[in-house]
Amino acid sequence: MGEFTLSGSVYFDGVSQPVLLAADKKIKYYNPAAQALFRACGFPLAEGEPLPVALPTEDSAAAELTLGGERWAVRSRAVENGGVLYLLERTGDGGLSPQRVQELAVQLRQLLGPLNASIEALQSALVETEQCRNAKWIAYLNHSQHKLLRLVENLDFYSLGDNDLAILYPCGPLDLAGLCRELEPLLNGLVRQIGCRVTYREQTATAMVWANEYLLRRLIYNLTANALRQEGELVLTLRVQGSRAVLTLEDSAGGIPPERLERVFTPEADRPLSGVPSEGFGLGLPICRRIARFFGGALLLAPAGKGTAVTLSLPICSASQCCLLQDKGIFDPAQNYNQVLTELSGVLPARCYGQEAVL
């Protein structure tokens with residue numbers, strides 16, 4: 001796949017996140033976003049010239065630097081022929097402090113108790129003559145419950161530190177190809193309710209990555225929900241490029257302007273990819289990127305055809321890692337809720353949340 005090779009750098013032309021490709025500490029490629037950033041800082045880029053600033057040369061290394069008065073995180077990825085790919089991302093929380101987010105999560109979680117009690121009372125009051133009408137209201141309540149739960153879980157996750165993530169969500173070897181094959185019929189059974197379709201294509205029979213299954217599902221469900229806000233198709237394509245598994249999710253929802261691509265990863269600007277006004281605090285896509293980083297990967301957006309392409313790159317497990325057993329962790333992250341119904345609650349209709357569906 002060309003996205004992560006020196007010979008296939010055209011993919012990054014449409015990515016608003018600054019990207020550099022280098023070999024022997026000399027520039028081989030830079031996208032327009034990188035050119036604009038370094039030019040504004042007085043460091044014009046040119047192919048064949050030395051890197052304008054000190055950048056890490058190791059695979060999966062990270063560093064921070066100040067450019068244009070802003071702090072940037074720089075992450076390196078080894079590519080073909082001894083080259084290095086650099087991804088630059090603004091640091092900061094967009095004005096939402098972890099402390100404030102945790103306070104909001106506690107406040108909202110207090111609403112879940114009365115809502116659960118209302119649902120249980122309504123379910124116990126079912127009688128045959130009222131069953132159809134009550135079942136409809138139960139579906140509405142279940143839908144609201146899952147939407148509130150998703151919001152609370154996003155707030156909780158956003159406030160966690162890296163050490164907390166490592167303890168709560170232990171990683172292990174996971175076959176990404178097998179997971180995608182499982183998700184295709186599961187997602188199609190739900191998104192057809194809004195006139196959408198998910199198609200999975202693979203160029204590899206297996207792709208073992210080092211990840212946490214619950215978080216990886218959460219990432220894919222979140223990207224699906226953001227892409228399918230109207231009738232259309234989401235195409236998932238999995239390939240292995242060198243030492244990395246690359247999963248591309250391409251939608252046909254109309255796309256978003258190039259200048260807004262990177263803004264969707266800031267909490268205050270998170271928007272559905274179709275342009276429909278969003279709900280909540282806009283944490284979905286920033287959380288997706290953080291999950292990708294937690295796995296040692298990267299998440300990028302770029303225009304593609306009639307929509308937007310999201311590319312998730314994850315390192316392939318080593319032979320010794322593949323032999324390890326995954327630690328199940330110290331708690332149940334699903335909390336007895338249906339994970340896919342929770343993550344897709346912002347796009348699915350209430351009729352998907354009947355009593356039988358959520359149990």
Side-chain angles (χ1 to χ4, degrees), residues 4 12-22 25 27 29-46 49-79 84-104 154-166 219 256-271 281-302 310-313:
F4 293 89
F12 295 110
D13 286 349
V15 174
S16 62
Q17 179 181 348
V19 175
L20 292 171
L21 289 171
K25 297 185 178 181
I27 298 173
Y29 164 83
Y30 51 89
N31 70 346
Q35 181 183 38
L37 172 63
F38 283 93
R39 179 183 293 167
C41 299
F43 302 114
L45 302 177
E49 293 296 316
L51 290 169
V53 293
L55 297 175
T57 57
E58 301 82 8
D59 184 30
S60 300
E64 286 197 3
L65 68 156
T66 300
L67 293 172
E70 295 182 309
R71 294 295 293 171
W72 292 80
V74 183
R75 302 175 186 277
S76 63
R77 297 285 182 267
V79 293
V84 182
L85 177 148
Y86 295 103
L87 306 175
L88 284 79
E89 301 168 358
R90 285 187 181 90
T91 61
D93 56 17
L96 290 173
S97 69
Q99 294 78 11
R100 176 54 180 156
V101 168
Q102 185 59 41
E103 291 173 2
L104 291 170
N154 280 350
L155 290 169
D156 279 338
F157 188 91
Y158 186 81
S159 65
L160 291 174
D162 290 342
N163 290 337
D164 297 323
L165 292 182
L219 189 158
I256 53 179
E259 64 273 12
R260 289 185 56 206
L261 283 175
E262 193 62 22
R263 287 183 58 231
V264 301
F265 286 111
T266 59
E268 72 277 13
D270 184 26
R271 294 291 181 267
F281 294 92
L283 298 175
L285 289 175
I287 284 175
C288 286
R289 174 166 278 182
R290 188 179 182 195
I291 292 173
R293 292 174 182 170
F294 179 57
F295 297 152
L299 189 68
L300 296 172
L301 287 179
V310 185
T311 299
L312 171 65
S313 166

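As a basis for the values below, the full set of heavy atoms in this structure was taken, side chains included, without hydrogen atoms, waters or symmetry mates.
Here the shortest heavy-atom pairing between A298 and A292 reads C-CB, 4.1 Å. Here the closest heavy-atom approach between residue L299 and residue Q17 is recorded as O-OE1, 4.1 Å. Between A46 and I27, the shortest heavy-atom contact is O-CB, 3.7 Å. Between W72 and L67 the shortest heavy-atom distance is NE1-O, 3.4 Å. The two residues D156 and S159 make their nearest non-hydrogen contact at O-OG, 2.8 Å.
With a 4.5 Å cut-off on side-chain heavy atoms, Y158 and N154 do not count as touching. Side chains of L55 and V84 form no contact here, defined as non-hydrogen atoms less than 4.5 Å apart. Within the 4.5 Å cutoff, the side chain of L88 has heavy atoms near those of the F38 side chain.
Take Q35 and apply the side-chain contact (heavy atoms from CB on, under 4.5 Å) test, not counting sequence neighbours, and it matches Y30, R39. The side-chain contact (heavy atoms from CB on, under 4.5 Å) search around D162 returns L165, R290, not counting sequence neighbours. For P56, the side-chain contact (heavy atoms from CB on, under 4.5 Å) test picks out E58, A61, A63, V74, S76, Y86, with sequence neighbours left out.
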For this session: Go through the steps to decide whether L300 and V310 satisfy the test side-chain contact (heavy atoms from CB on, under 4.5 Å), and finish with yes or no.
Result: CA-CA 6 Å; L300 296 172; V310 185; over 6 Å; no
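Residue pairs meeting the salt bridge (Lys or Arg N to Asp or Glu O under 4.0 Å) criterion with at least one member in residues 60-69, sequence neighbours excluded: E64-R71.
Interatomic distance, CG of N31 versus CG of L21, reported as 9.0 Å (0.5 Å rounding). In this structure, the separation between CG on L285 and CG on L219 is 9.5 Å, given to the nearest 0.5 Å.
Counting only distance, with no hydrogens or angles, the side chain of R75 and the backbone of G297 share no donor-acceptor pair below 3.5 Å.
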